[in-house]
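What follows is a set of notes on a single structure, which appears directly below.
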Amino acid sequence: MNDLAAPSTPSPAARHLPDAQTVTSVRHWTDRLFSFRVTRPQSLRFRSGEFVMIGLLGDNGKPLLRAYSIASPSWDEELEFYSIKVPDGPLTSKLQHIRPGDEIILRPKPVGTLVHDALLPGKRLWFLATGTGIAPFASLMREPETYEKYEEIYMLHTCRTVAELDYGRELVESLKDDPLIGEMVGDKLRYYPTTTREESPLMGRITDNLESGRIFDHYGIAPMNPATDRAMVCGSLAFNVDVKEVLEGFGLREGANSDPKEYVVEKAFVGDGI
């Protein structure tokens, strides 16, 4: 891992990009994954779980933007993002080289479906993610409202290798000691990280672990029930389609901001090819 942090008192960067924000720190987790933090526009208000458009200037001098979930909670003074690196990706081939003090473009118009308002009240909340799809849940796991609304929260995260789970694992491990929400988290949050290629203590795809009942047996709990369970989904398009089928098999219905139901899916997830 490689950490890059800005000086404690960075000098203001020249704002030559449209909607420019300054990078304050960068961390490379693997050769494929990195996270970074940027300054937050004073006017920006968002709900934990939403995304914004961020990017850089393209080779043609025009903004090259993609949707990125905000990984930091709504109360954070900075904004955090978690990204994959695509060598030939129009955006990430450039974005992966940013350093503290550099600028990115950030359009301060947050939107998204992975918000508490899009779900009906329930007792158990399931966060279901693959790869960098954990980003919106990194925000929601640090959001006090999550622990006020639910008795149990399950974070299921699947990656190919153990190292690709490090971002989520480190974040979850830090929550109980968080001065703001540590006491609220308590024993409510259960973290179930699995791999699909490299051997690890917990294996298998999220869909398989739900359909087989392995996850419910692991925690000694009843299967999903639309009367008590709510779910949020963020991953590749294929993953989203497969998980939707599983959730609806349990009787859950897809909701939206304007029509809250038992589960929601983020359709603007940034995946391969970026």
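Not measured: the values here are computed from a predicted model. Count residues from 1 along the sequence. Basis for what follows: all heavy atoms, side chains included, without hydrogens, waters or symmetry-related copies.
- To the nearest 0.5 angstrom, L91 atom CG is 5.0 Å from L64 atom CG.
- The shortest side-chain heavy-atom distance between R99 and V23 does not fall under the 4.5 Å cut-off.
- Side-chain contact check for D242 versus E211: every heavy-atom pair is 4.5 Å or farther apart.
- A search for side-chain hydrogen bond (donor to acceptor under 3.5 Å, both in side chains) contacts involving R124 returns D229, not counting sequence neighbours.
- Heavy-atom contacts from other residues, nucleotides or ligands closer than 6.0 Å to CG of D259 number more than 12.
- With contacts defined as side-chain heavy-atom distances shorter than 4.5 Å, the pair T92/R66 does not qualify.
- T39 OG1 to Q21 CD: the interatomic distance, rounded to the nearest 0.5 Å, is 3.5 Å.
- In terms of modelled atom types and a separation under 3.5 Å, the side chain of N240 and the main chain of G235 share a donor-acceptor contact.
- Inter-residue side-chain proximity for V38 and I104 is flagged as met; some heavy-atom pair is nearer than 4.5 Å.
- Rounded to the nearest 0.5 angstrom, I153 CD1 and Y191 OH are separated by 15.5 Å.
- The shortest non-hydrogen separation linking R40 to D76 is NH1-O, 2.6 Å.
- Considering every non-hydrogen atom in both A129 and M155, the closest pair reads CB-CE, 4.0 Å.
- At a threshold of 4.5 Å between non-hydrogen side-chain atoms, the residues P41 and L79 count as touching.
- For the atom pair CG of D177 and CD of E183, the computed distance is 11.5 Å after rounding to the nearest 0.5 Å.
- Residue P100 comes nearest to S25 through the heavy atom pair CG-CA, 4.1 Å, listed as atom of the first residue, atom of the second, then distance.
- Residues passing the ring pair (Phe, Tyr, Trp, His ring centres under 6.0 Å) test with H218 are Y192, sequence neighbours excluded.
- Side-chain contact between E103 and D19 is absent, with no heavy-atom pair separated by less than 4.5 Å.
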Practice prompt. Before giving the answer on side-chain contact (heavy atoms from CB on, under 4.5 Å), spell out for I206 and F239 the whole-Å C-alpha distance, their side-chain angles and the decisive distance to 0.1 Å.
Written response: CA-CA 9 Å; I206 288 174; F239 170 75; 3.8 Å; yes

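- Annotation: side chain of R160 is in contact with side chain of R32 (closest heavy-atom distance under 4.5 Å).
- Panel note: side chain E80, backbone R37; no donor-acceptor pair is recorded below 3.5 Å.
- Connection of Y263 to F127 is not established within any shared hydrophobic cluster, with ILVMFWY side chains joined at heavy-atom distances below 4.5 Å, either directly or through further cluster members.
- A search for ring pair (Phe, Tyr, Trp, His ring centres under 6.0 Å) contacts involving F216 returns W126, F250, not counting sequence neighbours.
- Hydrophobic cluster membership is shared by V172 and W29, with clusters built from Ile, Leu, Val, Met, Phe, Trp and Tyr side chains linked at under 4.5 angstrom.
- When the shell of 6.0 Å around CG of N60 is examined, it contains more than 12 heavy atoms from other residues, nucleotides or ligands.
- Note: the hydrophobic cluster containing M224 also contains I221 (ILVMFWY, side chain heavy atoms under 4.5 Å, direct or indirect links).
- The salt bridge (charged side-chain N to carboxylate O under 4.0 Å, His left out) check on E173 picks up R169, with sequence neighbours excluded.
- In this structure, V233 is not a member of the same hydrophobic cluster as V111, with clusters built from ILVMFWY side-chain heavy atoms closer than 4.5 Å.
- One finds the CG atom of L125 at 9.5 Å from the OH atom of Y147 (value rounded to the nearest 0.5 Å).
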Could you list the donor-acceptor pairs under 3.5 angstrom formed between side-chain atoms of residues 44-58 and any protein atom two or more places apart in sequence or on another chain?
{"residue": "R45", "atom": "NH1", "partner": "Q42", "partner atom": "O", "Å": "3.1"}
{"residue": "R47", "atom": "NE", "partner": "E50", "partner atom": "OE2", "Å": "3.2"}
{"residue": "R47", "atom": "NH1", "partner": "D117", "partner atom": "OD2", "Å": "3.1"}
{"residue": "R47", "atom": "NH1", "partner": "N257", "partner atom": "OD1", "Å": "3.0"}
{"residue": "R47", "atom": "NH2", "partner": "E50", "partner atom": "OE2", "Å": "3.0"}
{"residue": "R47", "atom": "NH2", "partner": "N257", "partner atom": "OD1", "Å": "2.8"}
{"residue": "S48", "atom": "OG", "partner": "S74", "partner atom": "N", "Å": "3.0"}
{"residue": "S48", "atom": "OG", "partner": "S139", "partner atom": "OG", "Å": "3.4"}
{"residue": "S48", "atom": "OG", "partner": "E143", "partner atom": "OE1", "Å": "2.7"}
{"residue": "E50", "atom": "OE1", "partner": "R47", "partner atom": "N", "Å": "2.9"}

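- Summarising the geometry of E266 relative to G112, their closest heavy-atom pair is OE1-CA, 3.6 Å, with the distance given to 0.1 Å.
- In this structure, the side-chain hydrogen bond (donor to acceptor under 3.5 Å, both in side chains) partners of K149, at least two apart in sequence or on a different chain, are E145.
- Side-chain contact between H157 and F137: absent, with no pair of heavy atoms (C-beta onward) separated by less than 4.5 Å.
- Under the 4.5 Å side-chain contact rule for hydrophobic residues, M232 and Y82 share a cluster.
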Worksheet entry | Working for side-chain contact (heavy atoms from CB on, under 4.5 Å), residues E164 and I134 | CA-CA 11 Å; E164 292 175 345; I134 195 175; over 6 Å; no

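- In this view, K109 satisfies the side-chain hydrogen bond (donor to acceptor under 3.5 Å, both in side chains) rule with no residue, not counting sequence neighbours.
- Of all the heavy atoms in P87 and S93, the pair that sits closest is O-CB, 3.2 Å.
- For R214, there are no salt bridge (charged side-chain N to carboxylate O under 4.0 Å, His left out) partners two or more places apart in sequence or in a different chain.
- Among residues two or more places apart in sequence or in another chain, the ring pair (Phe, Tyr, Trp, His ring centres under 6.0 Å) test is passed with F81 by F36.
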Discussion item. Using the rule given for side-chain contact (heavy atoms from CB on, under 4.5 Å), can you reason through V265 versus E254, listing the C-alpha separation, both sets of side-chain angles and the distance that settles it, and then say yes or no?
Written reply: CA-CA 8 Å; V265 177; E254 184 175 3; 4.1 Å; yes

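- If you take CZ on R230 and NZ on K261, they are separated by 11.5 Å, rounding to the nearest 0.5 Å.
- Among residue pairs with one or both ends in residues 195-206, those qualifying as side-chain hydrogen bond (donor to acceptor under 3.5 Å, both in side chains) are T195-S200; sequence neighbours excluded.
- Partners of Y154 under the side-chain hydrogen bond (donor to acceptor under 3.5 Å, both in side chains) rule, at least two apart in sequence or in another chain, are E152, R190.
- Of the possible polar contacts, one joining the T146 side chain to the L140 backbone as a donor-acceptor pair under 3.5 Å is found.
- The two residues L33 and I84 make their nearest non-hydrogen contact at CD2-CA, 4.1 Å.
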Item to complete: May I have the step-by-step check of side-chain contact (heavy atoms from CB on, under 4.5 Å) for L128 and L247, ending in yes or no?
Response: CA-CA 11 Å; L128 311 175; L247 294 178; 4.2 Å; yes

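- Without hydrogens or angle criteria, T132 side chain to S83 main chain gives no donor-acceptor distance under 3.5 Å.
- Residue E245 places its CD atom among 12 or fewer non-hydrogen atoms of other residues, nucleotides or ligands, all under 6.0 Å distant.
- Under a 3.5 Å cut-off, the side chain of K188 and the backbone N or O of Y150 do form a donor-acceptor pair.
- Under the side-chain contact (heavy atoms from CB on, under 4.5 Å) criterion, A118 pairs with V115, V264, not counting sequence neighbours.
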